[in-house]
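Below is one structure, written out as structure tokens, with a few remarks after it.
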Amino acid sequence: MPRLDENTQEYLADAERGVRQRTASAWDSFSNFALRDNVLEVAVGLILAASFTSIANSLVSDILLPIISLLPFLARNLDEKFAILKHGPHYNHTISNGYNTVTQALDDGAVVFAYGNFLDKVVRFLCIAVALWCIGMGYSKASGDNIVKKQVRCRFCRKYISEKAKRCVNCTSWVDGREERR
């Protein structure tokens, strides 16, 4: 293997030092950005929130909604309830609604009032809200840490503030009435 002269060896050593410094600088920059405590906490929080969302959705879809669907005015297939506002060309007069499903009606060009889908989403939202409220209240009782914070209205600006606040964050007035005593 041929030997390099001193200038070439010096040039390569300088290039190597420069690459190492730029790499170290890039790594420091990246680690300061991506591996800071708050960024990692947010990432872990988002991952936990996604898994908690799937648990809450499963609680509602698999446990609460089947029980609620036993009520006489709600059906298990609530999202398939619809009314036809304008018939399509292949409307079937032998069926009470003219179509078997919302998709079939929409494919036929009918104008559909899909009230069942909306009601299904409202019922799911209410069930998820109640389930999360129960989980929050259970956590509060078990840990002694309040998740559901009580809020009151500021007397001056009428915006909601924490019950424990001494000053309103919106209008900066004193909640205990110091300004009135002057």
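Note that these values count all heavy atoms, side chains included, but never hydrogens, waters or copies made by symmetry.
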Please tabulate, for the side chains in residues 19-26, all donor-acceptor contacts under 3.5 angstrom to protein atoms that are two or more places apart in sequence or on a different chain.
{"unit_1": "Arg20", "atom_1": "NE", "unit_2": "Glu16", "atom_2": "OE2", "d": "3.2"}
{"unit_1": "Arg20", "atom_1": "NH2", "unit_2": "Glu16", "atom_2": "OE2", "d": "2.9"}
{"unit_1": "Thr23", "atom_1": "OG1", "unit_2": "Val19", "atom_2": "O", "d": "2.7"}

Checklist entry - Partners of Val130 by side-chain contact (heavy atoms from CB on, under 4.5 Å), sequence neighbours excluded? => result Cys134
Checklist entry - If you round to the nearest 0.5 Å, how far is CG of Asp62 from CD1 of Ile55? => result 12.0 Å
Next on the checklist: If the condition is side-chain contact (heavy atoms from CB on, under 4.5 Å), which residues does Ala83 pass it with, not counting sequence neighbours?
Outcome noted: Phe113, Tyr115
Item to check | Inter-residue atom distance Phe156.CZ - Ser173.OG, 0.5 Å rounding | outcome: 5.0 Å
Checklist entry - Going from CD1 on Ile135 to OG on Ser140, what distance comes out if it is rounded to the nearest 0.5 angstrom? => result 12.0 Å
Checklist outcome for this item: Residue set satisfying side-chain hydrogen bond (donor to acceptor under 3.5 Å, both in side chains) with Asp14, at least two apart, ordered chain then number -> Arg17
Checklist outcome for this item: Residue set satisfying side-chain contact (heavy atoms from CB on, under 4.5 Å) with Lys159, at least two apart, ordered chain then number -> Cys157, Asn170
Checklist entry - Do Leu119 and Leu85 share a hydrophobic cluster (ILVMFWY, side-chain heavy atoms under 4.5 Å, transitive)? => result yes
Checklist entry - Which residues satisfy the side-chain contact (heavy atoms from CB on, under 4.5 Å) test with Leu126, sequence neighbours excluded? => result Val122
N/O donor to acceptor pairs below 3.5 angstrom from side-chain atoms of residues 44-54, sequence neighbours left out:
{"unit_1": "Ser51", "atom_1": "OG", "unit_2": "Leu48", "atom_2": "O", "d": "2.9"}
{"unit_1": "Thr53", "atom_1": "OG1", "unit_2": "Ala49", "atom_2": "O", "d": "2.7"}
{"unit_1": "Ser54", "atom_1": "OG", "unit_2": "Ser51", "atom_2": "O", "d": "2.7"}

Checklist entry - Minimum heavy-atom separation for Cys168 to Ile161, with atom names? => result SG-CG2, 3.8 Å
Checklist entry - Ignoring hydrogens and geometry, is there a side-chain-to-backbone donor-acceptor pair from Arg153 to Tyr160 under 3.5 Å? => result no
Checklist entry - Got a donor-acceptor contact below 3.5 angstrom from the Arg167 side chain to the Val175 backbone? => result no
Next on the checklist: Asn92: which residues meet the side-chain hydrogen bond (donor to acceptor under 3.5 Å, both in side chains) condition with it, sequence neighbours left out?
Outcome noted: Thr94
Next on the checklist: I need the Asp120 CG to Lys81 NZ distance, nearest 0.5 Å.
Outcome noted: 11.5 Å
Checklist entry - Nearest 0.5 Å, what's the OG1-CD distance between Thr101 and Glu80? => result 5.5 Å
Checklist entry - Apart from Tyr91 itself, what residues make up its hydrophobic cluster, given side-chain heavy atom links below 4.5 Å? => result Phe82, Ile84, Tyr99, Val102, Leu106, Val112
